[in-house]
Number of protein chains: 2
Amino acid sequence: MTQDAFSETPITTASDQVFVDMRREIVEGSIVQGSKISEPELAKRYGVSRATLREALNRLESCYLVERKANVGCRVVALTAERLIEVYQVRSALEGLACRLAADNMAADEVQSLKQLLNQHLKTQRVKEGESYYQEAGDLDFHYRIIKGSKNDHLIHLLSNGLYQLIRMYRVQMGMVGPRVSKAFDEHLAIINAIENHDGELAELLMKRHISASQANIQTKFNLHAAQNERAEQ
Amino acid sequence: MTQDAFSETPITTASDQVFVDMRREIVEGSIVQGSKISEPELAKRYGVSRATLREALNRLESCYLVERKANVGCRVVALTAERLIEVYQVRSALEGLACRLAADNMAADEVQSLKQLLNQHLKTQRVKEGESYYQEAGDLDFHYRIIKGSKNDHLIHLLSNGLYQLIRMYRVQMGMVGPRVSKAFDEHLAIINAIENHDGELAELLMKRHISASQANIQTKFNLHAAQNERAEQ
DNA sequence: CCCCCCAAGATTGTCGACAATTTATGAATA
DNA sequence: TATTCATAAATTGTCGACAATCTTGGGGGG
């Protein structure tokens, strides 16, 4: 599974392409957070007309990566501590729900496949100790499968097309490569066990706790970042 | 508070106007659920160019009122029983969260104002017995204030600009004027009391239960509707 | 010296037309 | 008669240009 796991959009039209490209650049920070977006400039850069670019901007707004004001323009979302908290509060509630539903609705083979994936991640983790593979792609993959396991299309859309790009943006730009790898693995294991036992209540609780831990982890990095920036400005 | 309580968008541009107009027509059923949308036709009807109309369609898609397929077109969302369940599962989780946060973050005067509003609704309800005023506008108002009381902007946006138009669409088109009025009032009272006592856990629980009851109520109407339609088709 | 106002420049919103794709129509074949 | 394929019609996607709005810079008045 690639880093574009959550973008299941088949790219047919030109604005699709621009949307996907811009999304990657924003998430990775090539287009810096908080910066203003000039329509004529970017249209030229991507080699499309302004109408096509605006179509892409609309979709980026839908997934909270840019913000728009009438007659003023677009700017990339700013990664603040407050927003991080807000997003994670919402994420916790929604993914908790997804987890509870998955305990009822996930097919047996889906559960088995996910357990297998976890084991595979464990191996990979041992081999590439210290690498960010597991934390980045592996973690996303795990969460994504559970979300889909909820079988609630509205919820799936809300999380994969709505929140996760923003979450990834925080993770990538904060440089999430911490020592949480092994801990996260254990937490993942407990969650999948609860799901396998169809214990929705427990699964929800564990997922919420897992996400809280993840939030605390990012927040630490965030403060570190902020401190660095302050020092740099002096 | 009007029925447009959840549309806080100041209408500056032409596409804003089309967006608001179309949203009302879709929610109220003037543009029938499930029907295909012809861009040239509607553009002419609203007296704007296709570009402007498409801008509005993009926003309608963002709040789940229309669905889009590349190179095929737009159609109004279809009100199915499955979707109703999905939406209410999400609503329950999100508004439960909002309620829990409101118990911590709502200012004392906001709480007082809300209690006052409830009493006012009680009076109005007695006067206009059987009218749908309370259930429609009053209920929306109550929920909206709590959502805003969460002070979580992301959550507020997700609910008011995202879910509530779709919820209203179900309620309006199912003709929600039931006998749940007095029951709903008691439930609202219990919720606001929990919030006043800063008991977030209880407030969340009560809100989730309140929403479940509301869902059951709509679902009954929905089945009635479906039965009627079946009979009509024979 | 600061503030307000006005004009010039730049940016966004809107329009009509063209290109690309999908859908409808109908003739030919099995 | 049902099916398939090719062609025509209609719809969506994209473009470049114009209109409306906001921003910037400078000059005049307090």
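Naming: A, B, ... by sequence-line order, numbering from 1 per chain. All values reported here derive from a predicted model rather than from experimental measurement.
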Test item: Arg75(A) and Val66(A) side chains (from C-beta on) under 4.5 Å apart, heavy atoms: no
OP1 or OP2 of dT14(C) less than 4.0 angstrom from a side-chain nitrogen or oxygen of Thr13(B), does that happen here? yes
From CD of Glu67(B) across to C1' of dT12(D) the rounded distance in Å is 18 Å
Indicate, with a heavy-atom threshold strictly under 4.0 Å, whether Thr12(B) touches base, sugar-phosphate, or nothing. nothing
Sorted by chain and residue number, the ring-ring contact (aromatic ring centres under 6.0 Å, His included) partners of Tyr170(B) (sequence neighbours excluded) come out as none
Under a plain distance cut-off of 3.5 Å, with no hydrogens placed, do Asn58(A) and Arg68(A) share a side-chain donor-acceptor pair? yes
Please check: side-chain N/O of Thr52(A) versus main-chain N/O of Val48(A), any donor-acceptor pairing under 3.5 Å? no
Indicate every side-chain donor-acceptor pair of residues 101-109 of chain B with a distance under 3.5 Å to a residue at least two apart or in another chain.
{"unit_1": "Asn105(B)", "atom_1": "ND2", "unit_2": "Leu101(B)", "atom_2": "O", "d": "3.4"}
{"unit_1": "Asn105(B)", "atom_1": "ND2", "unit_2": "Ser150(B)", "atom_2": "O", "d": "3.1"}

Separation of Arg68(B) atom CZ from dT12(D) atom P, in whole Å? 9 Å
Those residues of residues 38-57 of chain B lying under 4.0 Å from DNA chain C by at least one heavy atom: Val48(B), Ser49(B), Ala51(B), Thr52(B)
Please tabulate, one pair per line, each protein N/O and nucleotide N/O from nucleotides 20-25 of chain D that are separated by under 3.5 Å, including the distance.
none

Ring pair (Phe, Tyr, Trp, His ring centres under 6.0 Å) contacts touching residues 16-41 of chain A (sequence neighbours left out): none
Nearest to the side chain of Lys36(B), which nucleotide is it out of dT14(C), dT11(C), dT12(D)? dT12(D)
Would you please name every residue forming a ring-ring contact (aromatic ring centres under 6.0 Å, His included) with Phe222(B), sequence neighbours left out? none
Taking NZ in Lys36(B) as the centre, count heavy atoms belonging to other residues, nucleotides or ligands within less than 6.0 Å. Is the count above 12? yes
Asn58(A) has an atom CG; how far is it from atom P of dG13(D), in whole Å? 13 Å
